Undergrad: 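Okay, handing you the structure first.
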Protein chains: 2
Amino acid sequence: MTPQTIADTLQADILSGALPPGTPLGQTDLAARFGVSRIPVRDALAQLAAGGIITASPNRTATVLKLDTAEVEEMFHMRMLLECDLIGRAVPNMTPSDHSALDLALERSSLEARQDNWASGDQMFHAALYAPAKRPLQSAMADDLRRACSVQVASYDQLVEKAERWLTEHEGIVAACHAGDPKEAQRLLRRHLRAARNHLQKAMKD
Amino acid sequence: MTPQTIADTLQADILSGALPPGTPLGQTDLAARFGVSRIPVRDALAQLAAGGIITASPNRTATVLKLDTAEVEEMFHMRMLLECDLIGRAVPNMTPSDHSALDLALERSSLEARQDNWASGDQMFHAALYAPAKRPLQSAMADDLRRACSVQVASYDQLVEKAERWLTEHEGIVAACHAGDPKEAQRLLRRHLRAARNHLQKAMKD
DNA sequence: GTCCGTATACATGTATACAAAATCAGAGGC
DNA sequence: GCCTCTGATTTTGTATACATGTATACGGAC
């Protein structure tokens, strides 16, 4: 039970919705759960805090990240900036093998999404989408932002059930990539993100 | 000596150039230096790693962030995306008090810069510049990126000596803000970042 | 002379124990 | 009934001690 393993496990729990936003993550409890002392747990929590999916302040127990609507606005806006730029660079760079890798990722992400694992599939799809851009740092940052958004999404069943719609939008983006049309890919991606943001914000107002 | 204090001190040392990129940051040494055990040192290092100004991997000693030219390219590109967007939103939002705060920040940053503290002044200036955009998350992310860039810049005396030129560019940006011209501000900011990137990359090729 | 294996030294990782801070519950006052 | 203060409980922070992992240097084989 290494800190990395603990962090990965917790992240999976958070992204699956098992640990909804605001859930307290006590060090003692987690230490007991994973059968280790609190030290590696602290490391794991630090990792998750670095990734931005939990909030941690000194002397208070960490909690699963909980955004308000303004913060959701910001997050999705940053995603648009970074991801639209990435896809714009990725499309012209796509080799035949990139295209097939993208198809594969789309398919695998559909499977994941239908196995109650939307976040994981979404992450995989977008990773394949931006990989040809060859921008590891920017992609990593976009990944973090997307994960933070997924944490919020995962807590609303009604949104997870929109998976079908989002998969359709993914297909459209892939089509634009295969057609070698960066502008269209950007446009569809922007729409995709805007739609996701709107649904999330609407759900949050309950 | 709280972890926060330790992290702040180390960050200042790194941004001043006292600890150039690649410098090893041994836990034991730091614990001795700050007169604490290794635990709070580990926390401090985790914070710095989260901020992206050191590199830390399990079972090896952390080192001050060292970027190659491709990574510098990426960092500055992300800065352009985030910061140009921020300034575009900030300018139309600037109140009279924002304008005077900006002037003050410009002045204070000039003083800092001439006191061998370029990074701190630069940080302060850009913070004031983007504050009216009311985008705390995006500003924080831009801050991190800028800090990481400053770490590299700080290690080249020849670049630090360009402070005068950069201050002049800052003045130009401020002028565009006072004129209420977001497009011009964005253009100048983009030029500013491009110039900084070019000089850094050129210096790195030695 | 070069390469590889091993042993030693060193740095990091983790557990336990204790200290400090924060939270919570209940008694008292308004 | 509500707020406030206080004490008890819980939770996090830190120091020490030990375990584990990594890098280095040395010796031997080829």
Side-chain angles (χ1 to χ4, degrees), chain A residues 1-14 18-68 140 144 148 151 155, chain B residues 1-14 18-68 140 144 148 151 155:
Chain A
M1 268 304 164
T2 162
Q4 182 67 55
T5 312
I6 298 173
D8 290 345
T9 307
L10 285 176
Q11 178 172 296
D13 286 349
I14 291 171
L19 300 175
T23 305
L25 299 170
Q27 297 177 5
T28 308
D29 295 343
L30 294 175
R33 167 177 170 190
F34 291 103
V36 296
S37 82
R38 280 168 38 221
I39 306 287
V41 168
R42 285 169 63 87
D43 285 0
L45 292 177
Q47 273 187 245
L48 294 176
I53 69 172
I54 74 173
T55 33
S57 343
N59 287 317
R60 47 185 41 92
T61 124
T63 60
V64 177
L65 180 70
K66 184 171 198 169
L67 299 175
D68 59 30
D144 283 345
V151 172
S155 59
Chain B
M1 268 304 163
T2 161
Q4 182 67 55
T5 312
I6 298 173
D8 289 346
T9 306
L10 285 176
Q11 178 171 297
D13 287 349
I14 292 171
L19 300 175
T23 305
L25 300 170
Q27 297 178 4
T28 309
D29 295 344
L30 295 175
R33 167 177 170 189
F34 291 103
V36 295
S37 81
R38 280 169 38 222
I39 306 286
V41 169
R42 286 169 63 87
D43 285 359
L45 292 176
Q47 273 187 246
L48 295 176
I53 69 172
I54 74 172
T55 18
S57 343
N59 286 317
R60 52 187 33 89
T61 124
T63 61
V64 177
L65 180 69
K66 184 171 200 168
L67 299 176
D68 59 31
D144 283 346
V151 172
S155 59

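Side-chain atoms are counted along with the backbone in the values below, which use heavy atoms only and exclude waters and symmetry mates. In this text the structure is predicted, and so the values were computed from the model without any measurement. Letters A, B, ... are given to chains in the order of the sequence lines, protein chains preceding strands, and every chain is numbered from 1.
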Undergrad: Yes or no on side-chain contact (heavy atoms from CB on, under 4.5 Å) for A:Ile54 and A:Leu25, after CA distance, side-chain angles and deciding distance?
TA: CA-CA 9 Å; A:Ile54 74 173; A:Leu25 299 170; 3.8 Å; yes
Undergrad: When you check every protein heavy atom under 4.0 Å of nucleotides 13-18 of chain C, what one-letter string (B, S, -) results, 5' to 3'?
TA: BBBB--
Undergrad: Checking side-chain polar atoms at under 3.5 Å, does B:Gln4 have a donor or acceptor matched by the opposite partner on B:Asp8?
TA: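 Present: a donor and an acceptor within the cut-off.
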Undergrad: Please report the interatomic distance CG(A:Leu45) to OG1(A:Thr55), rounded to the nearest 0.5 Å.
TA: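 One finds 11.0 Å between CG of A:Leu45 and OG1 of A:Thr55.
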Undergrad: Between the two end axes of the helix from C:dG1-D:dC30 to C:dC30-D:dG1, each built from 5 base pairs, what angle do you get to the nearest 10°?
TA: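 Inter-axis angle at the termini of the helix from C:dG1-D:dC30 to C:dC30-D:dG1: 30°.
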Undergrad: If you round to the nearest 0.5 Å, how far is OG1 of A:Thr9 from CE of A:Met1?
TA: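 Taking CE in A:Met1 and OG1 in A:Thr9, the distance rounds to 5.5 Å.
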Undergrad: Supply the atom-to-atom distance A:Thr63 OG1 to A:Leu19 CG, rounded to the nearest 0.5 angstrom.
TA: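 It is 11.5 Å, given to the nearest 0.5 Å.
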Undergrad: Should A:Gln27 and A:Thr61 be marked as a side-chain contact (heavy atoms from CB on, under 4.5 Å) after you check the CA-CA gap, both sets of side-chain angles, and the distance that decides it?
TA: CA-CA 8 Å; A:Gln27 297 177 5; A:Thr61 124; over 6 Å; no
Undergrad: How close or far is atom C1' of D:dT12 from atom CG of A:Asp29, stated in whole angstroms?
TA: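 Taking atom C1' of D:dT12 as the reference, CG of A:Asp29 is at 12 Å.
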Undergrad: Please report the C-alpha distance between A:Ile39 and B:Ile39 in whole Å, then the side-chain angles of each, then the deciding distance to 0.1 Å, and finally whether the side-chain contact (heavy atoms from CB on, under 4.5 Å) criterion is met.
TA: CA-CA 9 Å; A:Ile39 306 287; B:Ile39 306 286; 4.1 Å; yes
Undergrad: At 4.0 Å (heavy atoms only), tell me whether B:Thr61 reaches a base, stays on the sugar-phosphate, or touches nothing.
TA: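 Contact class for B:Thr61: sugar-phosphate only.
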Undergrad: Take B:Arg33 and B:Leu10 through the test side-chain contact (heavy atoms from CB on, under 4.5 Å) and record every step on the way to the result.
TA: CA-CA 11 Å; B:Arg33 167 177 170 189; B:Leu10 285 176; 3.9 Å; yes
